[in-house]
Amino acid sequence: EDAGHPLVGPRVQAFNCLGEEPDEVSPWWDDGQCWPAQTVFSNDDGDFFVPTPNVVNVEDNIDPTDPFAELSMYVHAERFFEAMRGKGIEQFKCDLSSMLANFRTLDPSESFDYTPLDNAYYTNQCDPEKGPTMLFGQGSDVDFGYDADVIYHELGHGMVALLTPDNLGDRRMRADAMLVDSAALNESIADYFSLMLTDDPELAEYVGRFWAAIDSPYIRNAENSETCPGSIIGEPHYDGEPFTAALWATRKRLSQTGKEVLDQVVLEALMRMPPDAALEDAAALVLEQADLEVQDGNLHPDDLTLLPLGPRTEKSYW
């Protein structure tokens, strides 16, 4: 309600990353990295105003300390938590998550006086004294903190970490292979959290459009023709696409009520996934949970037939 407050809320706090050492050095700063600091503060009315970048200008996309990225992370995180509350989830993996914008290293590169980071990460670090929970890179062409889908995806990883008993990411040894399906599911379901908020299959259109390394107007598209096992290559982001496609193919055909039920189905199935879950396991759990929703009268039987997650008999799931 007054001036001088940084972006710190009940669930998240936002930081910028500076190229020069501030008066107070964060305990999780490391040599060669930019310095975490809060640069956005409320005005006399308690509101937060920063200059809005014009993303068609290259200079605005590569400004390494712009305050908009710091504010963007915070706003989209609050929208994400509000959406999760609407689905009955009051918690997050961390009681207070630290989000870091404009992350880069300070060694000069060929084109910049810093080394860009073309990525974003969920670190699973919940101790504010030890490091950020999520960091968003200042990329070579784009600022990853500008893209809502990227922010929702990283927050989605936090929800996966909260809801799965032992997280998703363990490898499974099989007679014919070592499966990394659980990591693929982690990426797929993190994408699905973004789909819940946007109801739009194209993921990260800002990054896709303005990052020269991407030859499509998005990073991933849930409306794809990838299949299992034909599209599986052993890389989690790619390997998760068939599962995402199956969920989106269903979601886009449902009414708003049906979409909300499907979201709940995915959340309930997620809570039952083992840490080394295979794609077949996840498909079976989603189908089983959807069947329960039909039995409880929450999902129409015709909607259940829309789930393209593999062959199914009356008594078994594959």
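The environment of NZ in Lys87 is crowded: more than 12 heavy-atom neighbours from other residues, nucleotides or ligands sit within 6.0 Å. Other residues, nucleotides and ligands place more than 12 heavy atoms under 6.0 Å from the CG atom of Asp47. Within 6.0 Å of atom CZ in Arg209, 12 or fewer heavy atoms from other residues, nucleotides or ligands are found, so the atom counts as exposed in its surroundings. Within a 6.0 Å radius of OH in Tyr238, other residues, nucleotides and ligands contribute 12 heavy atoms or fewer. Heavy-atom neighbours of Glu235 CD from other residues, nucleotides or ligands within 6.0 Å: above the threshold of 12. Around atom CG of Asp23, no more than 12 heavy atoms belonging to other residues, nucleotides or ligands sit under 6.0 Å away. Asp44 CG: 12 or fewer foreign heavy atoms inside a 6.0 Å radius.
You'll find the side chain of Thr133 stays beyond 4.5 Å of the side chain of Gln13, heavy atoms only. Put simply, the side chain of Met99 does not reach to within 4.5 Å of the side chain of Tyr74, judged on heavy atoms. No side-chain heavy atom of Thr244 sits less than 4.5 Å from a side-chain heavy atom of Arg220. Taking 4.5 Å as the limit, every side-chain heavy atom of Leu292 sits out of range of all side-chain heavy atoms of Glu268. Residues His157 and Met134 have side chains not in contact (no heavy-atom distance under 4.5 Å, counting atoms from C-beta outward). With a 4.5 Å cut-off on side-chain heavy atoms, Gln289 and Arg272 count as touching. Residues Ile232 and Leu279 have side chains in contact (heavy-atom distance under 4.5 Å, counting atoms from C-beta outward). Considering only heavy atoms from C-beta on, Met273 comes within 4.5 Å of Ile189 through its side chain.
Between the side chains of Tyr146 and Asp60, no donor-acceptor pair is found at a separation under 3.5 Å. With no hydrogens or angles considered, no side-chain donor-acceptor pair links Ser182 and Asp170 at under 3.5 Å. One side chain, Glu70 or Thr39, offers a donor N or O that lies under 3.5 Å from an acceptor on the other. A side-chain donor from one of Trp248 and Glu223 sits under 3.5 Å from a side-chain acceptor of the other. Side-chain atoms of Asp107 and Thr115 include no donor-acceptor pair closer than 3.5 Å.
Side-chain N or O atoms of Asn102 include one that pairs as donor or acceptor with a backbone N or O of Asp66 at under 3.5 Å.
Of the residues listed (Trp211, Phe103, Phe210, Phe136), the one engaging Phe144 in a ring pair (Phe, Tyr, Trp, His ring centres under 6.0 Å) is Trp211, and it is the only one.
Nearest heavy-atom pair, Ala290 versus Leu304, reported as atom, atom and distance to 0.1 Å: CB-CD1, 3.4 Å. The shortest heavy-atom contact between Leu179 and Ala278 is CD1-CB, 4.0 Å. When all heavy atoms of Val150 and Ala204 are compared, the closest pair comes out as CG2-CB, 3.9 Å. Scanning both residues, Asp239 and Ser231, for their nearest heavy atoms gives OD1-O, 4.0 Å. The two residues Leu168 and Ala277 make their nearest non-hydrogen contact at CD2-CB, 4.0 Å. The two atoms that bring Phe68 and Pro53 nearest to each other are CG-CD, 3.3 Å, heavy atoms only.
A salt bridge links Glu82 with Arg85: the distance from a Lys NZ or Arg NE/NH1/NH2 to an Asp or Glu carboxylate oxygen falls below 4.0 Å. Electrostatic pairing of Asp263 and Arg251 counts as a salt bridge here, judged by a charged N lying under 4.0 Å from a carboxylate O. A salt bridge between Arg174 and Asp181 is absent, with no side-chain N of the basic residue lying under 4.0 Å from a carboxylate O of the acidic one.
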task: Kindly determine whether Phe193 and Val266 satisfy side chain to side chain contact (heavy atoms under 4.5 Å, CB included), including the steps that lead there.
output: CA-CA 10 Å; Phe193 276 98; Val266 174; over 6 Å; no
query: Can Val75 and Arg79 be said to form a side chain to side chain contact (heavy atoms under 4.5 Å, CB included), step by step?
result: CA-CA 6 Å; Val75 169; Arg79 289 178 178 173; 3.8 Å; yes
- prompt: Met159 and Phe80: side chain to side chain contact (heavy atoms under 4.5 Å, CB included), yes or no, with the steps?
  reply: CA-CA 11 Å; Met159 279 296 174; Phe80 182 90; 3.8 Å; yes
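Residues Leu117 and Val207 are members of separate hydrophobic clusters, defined by side-chain heavy-atom contacts under 4.5 angstrom among Ile, Leu, Val, Met, Phe, Trp and Tyr. In the hydrophobic cluster analysis, where Ile, Leu, Val, Met, Phe, Trp and Tyr join through side-chain heavy atoms closer than 4.5 angstrom, Leu287 is grouped together with Tyr192. Cluster annotation: Phe48 and Phe15 are assigned to distinct hydrophobic clusters (Ile/Leu/Val/Met/Phe/Trp/Tyr, side-chain heavy-atom contacts under 4.5 Å, transitive).
Classification of the Tyr122-Phe92 ring pair by plane angle, with boundaries at 30° and 60°, yields perpendicular.
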